[in-house]
Amino acid sequence: MDLEYRLDGPANAPVLVLSNSLGTTWTMWDAQFTDFNKYFRVLRYNTRGHGNSPLNGGKMSLASLGKDVIDLMNHLNIEKASFCGISLGGMTGMWLNRHYPTHFNRLVVANTAAKIGDTDAWLTRAKTVRTEGMQSVADGSASRWFTKDYIRARPGIVDALVDGIEQLDPLGYAACCEVLAYADLREEVAKMERPMLVIAGEHDPVTTLAEAEWIIERASDAQICLVPASHLSNIACPVMFSRQTLNYLTSGATHVIND
Ligand SMILES: O=C(O)CC1=CCC(=O)O1
C-alpha cells in the first residue's frame, strides 16, 4: 500500500474515511479531528499526487482514486466504513457510493458536484502548473476557497493552506486536475444507493448550491445541508460542519463511543 494514511481514534470504533480536496492534504481535517475521534476510528489518507501519496505511474481517473480507497480498506481489513470527502474527495465518495455501495454505511460529500468545472479549464490549469509550478495556482487559491470576510478574519489559517499548496508536487496536482477534467458522474447519480448528505457552501463559487440540489433531486437517498461558507466549508464553518456530519453519520447508529 503506497498511499499515505493514518488511523486515529478508538481502535474498537467504526471507521470513518476522510478524503481531501485538490491542493490540500489530510491536515485540512484538523478542525474536525477531536469531534470525529470521539465517535469514529478516523482513517485519513492523502489523495494520490498530494502529500506523500505518489502518482501511480499510469493515467489516473476518478475510478482509480475510488479504487485507491477500496485497496486501502482491504489493506486494513476494513469491511465497511462511513465516508466524508470534500470537493474532489466528495466526488470520490459519490463514485464509491455508485460502485462499492456495500463497503459504506452513510456518506457525506461536501462542496462537490457531479461534474466540477469545465474540462478545458482543468486541462489548462494542469498545463500551467506543469510549466510554471505551484505558485501559478497558489496565488488564486485563497479566493477560490474562502470568502473575502473569512480571508480578512483568519489570515493565519488561510496563509497556512496557501503555504501547503505551494509545497505540493506540481505533477501530482496536475494529474488530479486531469482527473477532474474527465470526471463526470451526471449519468451515475440516480444509481447511487447509499444514504448521502450533500453539504453545500452558500457562497461557494466552485461547486454551487444549485449543483448540490441537482444531486439530491436525483440520488435515491440524499439530503442537503447548507452552511454559510465558500468552498472549504469544513475549515470556514468547522463547528457546524462537524455537527451536521456527525449527526448524519451516527443517526440510527448504536455505535457511539463515550469519552
Ligand atoms: O479549484 C480549487 O482549488 C478548488 C477545487 C476544485 C476541486 C477541488 O477539489 O478543489
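Side-chain atoms are counted along with the backbone in the values below, which use heavy atoms only and exclude waters and symmetry mates. Just follow the structure's listing: the first ligand is 1, and inside any ligand the first atom is 1.
A cation-pi arrangement is not found for R6 relative to Y45, the charged atom failing to lie both closer than 6.0 Å to the ring centre and inside a 45° cone about the ring normal.
Cluster membership for L171 and V129, using ILVMFWY side-chain heavy atoms within less than 4.5 angstrom, is shared.
W29 and F241 have tilted rings, their planes meeting at an angle from 30° to 60° on a 0 to 90° scale.
In summary, the side chains of S87 and N111 do not present any donor paired with an acceptor at a separation below 3.5 Å, with no hydrogens or angles considered.
Residues satisfying the ring pair (Phe, Tyr, Trp, His ring centres under 6.0 Å) criterion with H103, sequence neighbours excluded, are Y100.
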For ligand 1, find each of its N or O atoms that sits under 3.5 Å from a protein N or O atom, and tabulate the pairs with distances to one decimal place.
{"residue": "ligand 1", "atom": "1 (O)", "partner": "R125", "partner atom": "NH1", "Å": "2.9"}
{"residue": "ligand 1", "atom": "1 (O)", "partner": "R125", "partner atom": "NH2", "Å": "2.9"}
{"residue": "ligand 1", "atom": "1 (O)", "partner": "R144", "partner atom": "NE", "Å": "3.1"}
{"residue": "ligand 1", "atom": "3 (O)", "partner": "R144", "partner atom": "NE", "Å": "3.0"}
{"residue": "ligand 1", "atom": "3 (O)", "partner": "W145", "partner atom": "NE1", "Å": "3.4"}
{"residue": "ligand 1", "atom": "9 (O)", "partner": "L22", "partner atom": "N", "Å": "2.8"}
{"residue": "ligand 1", "atom": "9 (O)", "partner": "S87", "partner atom": "OG", "Å": "2.8"}
{"residue": "ligand 1", "atom": "9 (O)", "partner": "L88", "partner atom": "N", "Å": "2.9"}
{"residue": "ligand 1", "atom": "10 (O)", "partner": "S87", "partner atom": "OG", "Å": "3.1"}

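Under the 4.5 Å side-chain criterion, counting only non-hydrogen atoms from C-beta, T92 is in contact with V69.
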